[in-house]
Amino acid sequence: MDEQALLGLNPNADSDFRQRALAYFEQLKISPDAWQVCAEALAQRTYSDDHVKFFCFQVLEHQVKYKYSELTTVQQQLIRETLISWLQAQMLNPQPEKTFIRNKAAQVFALLFVTEYLTKWPKFFFDILSVVDLNPRGVDLYLRILMAIDSELVDRDVVHTSEEARRNTLIKDTMREQCIPNLVESWYQILQNYQYTNSEVTCQCLEVVGAYVSWIDLSLIANDRFINMLLGHMSIEVLREEACDCLFEVVNKGMDPVDKMKLVESLCQVLQSAGFFSIDQEEDVDFLARFSKLVNGMGQSLIVSWSKLIKNGDIKNAQEALQAIETKVALMLQLLIHEDDDISSNIIGFCYDYLHILKQLTVLSDQQKANVEAIMLAVMKKLTYDEEYNFENEGEDEAMFVEYRKQLKLLLDRLAQVSPELLLASVRRVFSSTLQNWQTTRFMEVEVAIRLLYMLAEALPVSHGAHFSGDVSKASALQDMMRTLVTSGVSSYQHTSVTLEFFETVVRYEKFFTVEPQHIPCVLMAFLDHRGLRHSSAKVRSRTAYLFSRFVKSLNKQMNPFIEDILNRIQDLLELSPPENGHQSLLSSDDQLFIYETAGVLIVNSEYPAERKQALMRNLLTPLMEKFKILLEKLMLAQDEERQASLADCLNHAVGFASRTSKAFSNKQTVKQCGCSEVYLDCLQTFLPALSCPLQKDILRSGVRTFLHRMIICLEEEVLPFIPSASEHMLKDCEAKDLQEFIPLINQITAKFKIQVSPFLQQMFMPLLHAIFEVLLRPAEENDQSAALEKQMLRRSYFAFLQTVTGSGMSEVIANQGAENVERVLVTVIQGAVEYPDPIAQKTCFIILSKLVELWGGKDGPVGFADFVYKHIVPACFLAPLKQTFDLADAQTVLALSECAVTLKTIHLKRGPECVQYLQQEYLPSLQVAPEIIQEFCQALQQPDAKVLKNYLKVFFQRAKP
């Protein structure tokens, strides 16, 4: 071996050595006989360095995994012997190998096993057992090999080919027949031998039993001698967690419902008499988390048995199963209420399924009702934050609690299905008593009381949030709680979690304020003062900005008396904070978007006359326009790139805010009806000069482009005079991405205004195409993935543009470009249909071709178009699907083929018998298609139902491809 290269295997080696070692590894993998050197080194223990040993196993692993079939019988025999002699050597080693080497060796054994067991090495396990016997070091390796084999055969996370899956099934069947009883016997001997002297080996063995139990005959494990030993391990501190997991796997195994019930019950009896059900006596939370998982498994298994027995009509046994379930509920509740969330979380599945059973019963016993109430109280208690929760800097523990809360919410929803009245009464009781004394109550209890009210909205579902109509007792209970919430003064509580929960709940139940509108002013004040938008916490301010906009939108009918007051109070929050003053504004620009939208909604939905709306809108937008002009001048003069970027950001925010106000308009309240056209046209005039700014082009163009999109919708044809100059600026020195984002704007204008914009389109059609072709023809590096993708997206955008033009009845825009240009465009569409393996673009191209044939393909079409149809369009319909890249198993490609069929159908419709004659006598014979197939094809083409040709084409091209 190259000793120098081996030095690079040490993790502390410098990078040159490491590179050399990597290169050496690649070289050995390719070399036909280098693995033999590694095999020899392992068998003869040539190297003491752990990294070199690991390296040798890696080379062997590669050989077995990828090149085994190329080896001769003698060489294969050599690999087997190498591994066995390495194993024998481990028995005598003074020190065991490092864990990472043992695991890698086990992987190589497992790979060899799945390759050879069915053919050359049926005695695999017997050979290994005869070497290791009960030597602790050997047993350790034997168990590691078993785990590696299990993960090769049954690990769900490993993706297997269907061939491998078949092989694995066969291996498992053969093992069950030939060696599993012997393996189980070996596990029993290992457990018995080492349970008191070697906890590490015993735990490994328990893990193996747990893994194999899922696919071997359960009676080999679920019998007195085995189960009694496992139960014995439950009392040995160092073994009990693994024993718990092993029992969980036994309980989880699918089996006959009555047998399963008996198994679970016998386990429970022993565990209970051994004192395991006395949870409060146990201090080891890690063990309790495993035990909770075991109880959960037992409970869920009993529930599955109950469901199967009910389905089979076995009422007597089903009754017994239900009885067995009920006796576990007290234990379940102890675990659910446990202060450790992992222990509680592990039992939620059983709890959830138990409630599902109760939901199906027609009448609940007093005990069952008491159980429901106990679960409810447990959920309410466990929803509460603990003292350690860090609200300002949420980390992993906090994220886990949030997830746990989601699980509890599912329980609460299920409780509501079992007994909505009880849930409502319980929440009301907790809510009322907490809010009566909120000033002296800890934050977590206040938060959870409001949270429960919030959660009722989803737990007791109604349509369109109509919680305050319909069922009188429910409506009045919710109304009482909401009234208490908004009048108790709890919005002043000094903790962010309570404040946020208050606002979330107010917005969740906005319909309350249509029933009792007298409470709107005090809630608005909470939103607008130090409790909401001016809170000391940025997190609260940010969330409140969003919730405030939702509140105002949903109650816009009730807002009229407060509009001017609100607009005055939010004035300072609307200020565009320029980059240079260093003053930290209260809201981020994203939050300000919501405030601008809210201001727009208030103005547009007010009952004011149009002149007043216009004045208010002008007040809102004029400061933005003035700031914009100043900042644009500053940007033109800025030298420093960082400063340019922050000025451009600020300009972009100004445009974004103006865009956002326009979201308030609707079909019922248009810009025109509100008298606001002039204001937005002024904005357009202010913003458009940014397009000619040579600095920070990307960000400025993207903002103005978005604003134009909005104005096309809001201002309708009033926007048209601005489009030509805007387009001209946007087409100057552009990249693929600019064009890709510009084309949708032109598509929007074309589809909306159609004939009105025809002169503009005719004028800009070729300049736009030249810009596109120029970018597409630019040379790029061969393996530059992102450039290739950009070009593909631009090509798609280009074809989408042509589709919009032809589909909007504007084909004269193309026709008027002069014969040479028209032909150039048509050729690009033919290329798009045939040459680029992009089914999305191909589909668009066939749609364009169909449309052009429909418009121009008749007797009175443009001169020369009929020739073009036969010379180019008909061949495209065959050449595209015949390409190897045209994959008929791909859904997008099938859609492209379907449009190809439409194109052929349209040609036949426009040209009649002449088209059939051309296909029959000229085109199809030139492709060497057999006469009877030509006949078949032409018949399908002439069928009145278009589906016939679509279905036929798929078969036709599947047959035609080699």
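For reference, positions follow the sequence shown, starting with 1. As the structure is a prediction and not an experimental result, all values here were calculated from the model.
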Just by distance, do the side chain of Y194 and the backbone of C205 share a donor-acceptor pair under 3.5 Å? no
To check you understand the geometry: which heavy-atom pair defines the closest contact between N346 and A289, and what is its length? ND2-O, 2.8 Å
Between the side chain of N312 and the main-chain N/O of D314, is any donor-acceptor distance below 3.5 Å? no
Tell me if a side-chain donor or acceptor on K104 pairs with a main-chain N or O of F55 at a distance below 3.5 Å. no
Donor-acceptor under 3.5 Å (S292 side chain, L288 main chain): no
When you compare the side chain of I190 with that of L143, does any pair of heavy atoms fall below 4.5 Å? yes
Cationic N near anionic O, under 4.0 Å, K382 to D341: yes
Do N228 side-chain atoms and D224 backbone N/O form a donor-acceptor pair below 3.5 Å? yes
Polar side-chain atom of T82 near backbone of A43 as donor-acceptor pair, under 3.5 Å: no
Separation of L134 CG from L129 CG (nearest 0.5 Å): 9.0 Å
Could you check V154 against K172 for side chain to side chain contact (heavy atoms under 4.5 Å, CB included), going step by step and ending with a plain yes or no? CA-CA 9 Å; V154 297; K172 285 187 287 187; 3.4 Å; yes
For the CG atom of L71 and the CG atom of L78, what is their distance to the nearest 0.5 Å? 9.5 Å
Under the side chain to side chain donor-acceptor pair (under 3.5 Å) rule, what do Q107 and N103 come out as? Steps first, then yes or no, please. CA-CA 6 Å; Q107 278 176 329; N103 285 340; over 6 Å; no
Under-4.0 Å salt bridge between R290 and E249: no
In terms of side-chain geometry, is the basic nitrogen of E265 or K262 positioned less than 4.0 Å from the acidic oxygen of its partner? no
Taking the inter-plane angle between the rings of W121 and F124 on a 0 to 90° scale, is it parallel (under 30°), tilted (30 to 60°) or perpendicular (over 60°)? perpendicular
Enter the distance from L170:CG to L118:CG here, rounded to the nearest 0.5 Å. 5.0 Å
Within-4.5 Å side-chain heavy-atom neighbours: S235 and F276: yes
Test side chain to side chain contact (heavy atoms under 4.5 Å, CB included) applied to M255 and L263, step by step: CA-CA 10 Å; M255 59 192 288; L263 172 68; 4.1 Å; yes
Under a 3.5 Å distance rule, please check whether N223 uses its side chain to pair with a backbone N or O of F226 as donor and acceptor. yes
Test item: S199 side-chain N/O and V238 main-chain N/O as donor-acceptor pair under 3.5 Å: no
In terms of heavy-atom contacts, L239 and Q195 come closest through CD1-O, 3.5 Å
Electrostatic pair R167:E163 at N-O distance under 4.0 angstrom: no
Main-chain N/O of L42 paired with K53 side-chain donor or acceptor, under 3.5 Å: no
Below 30° counts as parallel, above 60° as perpendicular, anything between as tilted: where do the rings of Y389 and F401 land? perpendicular
Could you check Y47, W86, W35 and say which one makes a ring-ring contact (aromatic ring centres under 6.0 Å, His included) with F57? W86
Should the pair D173-R176 be classified as a salt bridge under the 4.0 Å nitrogen-to-oxygen rule? yes
Is there a side chain to side chain donor-acceptor pair (under 3.5 Å) between K316 and Q319? Walk through the geometry before answering. CA-CA 5 Å; K316 179 177 166 295; Q319 207 45 48; over 6 Å; no
Compare every heavy atom of E97 with every heavy atom of R102, then report the nearest pair and how far apart it is. NE-O, 2.9 Å
Give a yes or no on whether E283 atom CD has more than 12 heavy-atom contacts from other residues, nucleotides or ligands under 6.0 Å away. no
Close side-chain approach of T73 and Q77, heavy atoms under 4.5 Å: no
Would K123 and E116 pass as an ion pair if we require N to O under 4.0 Å? no
If you count every heavy atom of other residues, nucleotides or ligands that lies below 6.0 Å from E81 atom CD, does the total exceed 12? yes
Identify the heavy atoms of E241 and D284 that sit nearest to each other, and give their distance. OE2-OD2, 4.2 Å
Is any side-chain heavy atom of E242 closer than 4.5 Å to a side-chain heavy atom of Q204? no
A side-chain contact here means heavy atoms from C-beta on lying under 4.5 Å apart; do K293 and D245 qualify? yes
Do M175 and Y117 have side chains that approach each other closer than 4.5 Å (heavy atoms only, starting at C-beta)? yes
Step by step, work out the side chain to side chain contact (heavy atoms under 4.5 Å, CB included) result for T327 and Q272. CA-CA 11 Å; T327 57; Q272 191 164 7; over 6 Å; no
Testing the 3.5 Å rule here: is there a donor-acceptor pair between the side chains of E40 and T46? no
Should we count CE of M400 as having more than 12 external heavy atoms under 6.0 Å? no
side-chain contact (heavy atoms from CB on, under 4.5 Å) filter on S278, not counting sequence neighbours, yields D280, Q281
For R405 and E398, what are the C-alpha separation, side-chain angles and deciding distance, and is it a salt bridge (charged side-chain N to carboxylate O under 4.0 Å, His left out)? CA-CA 11 Å; R405 259 189 152 188; E398 285 75 16; over 6 Å; no
Between CD1 on residue I337 and OG on residue S344, distance to nearest 0.5 Å: 7.5 Å
Within this structure, what is the CD1-CG distance for the pair I348 and L410, rounded to the nearest 0.5 Å? 8.5 Å
Has Q360 got a side-chain atom pairing as donor or acceptor with H356's backbone, closer than 3.5 angstrom? yes
Could you check whether any side-chain heavy atom of I128 comes within less than 4.5 Å of a side-chain heavy atom of F109, counting everything from C-beta outward? yes
Apply side chain to side chain donor-acceptor pair (under 3.5 Å) to residues N296 and Q300 and explain how you reach the verdict. CA-CA 6 Å; N296 191 61; Q300 287 186 308; 3.2 Å; yes
Are V184 and I221 packed together at the side-chain level, in the sense that at least one heavy-atom pair is separated by less than 4.5 angstrom? yes
Verdict with supporting geometry, T99 and R144, side chain to side chain contact (heavy atoms under 4.5 Å, CB included): CA-CA 10 Å; T99 310; R144 284 177 200 275; 3.6 Å; yes
Quick check for you: to the nearest 0.5 Å, what is the distance between N252 atom CG and S214 atom OG? 9.5 Å
Is a donor from one side chain sitting under 3.5 angstrom from an acceptor on the other, for Q368 and E326? yes
Tell me yes or no: between the side chains of N168 and E164, is some donor less than 3.5 Å from an acceptor? no
Aromatic ring proximity, centroids under 6.0 angstrom, F113 and F125: yes
Check P136 against V201 and note the closest heavy-atom contact, atom names and distance. O-CG2, 4.1 Å
For the residue pair Y404 and L336, what are the closest heavy atoms and their distance? OH-O, 4.3 Å
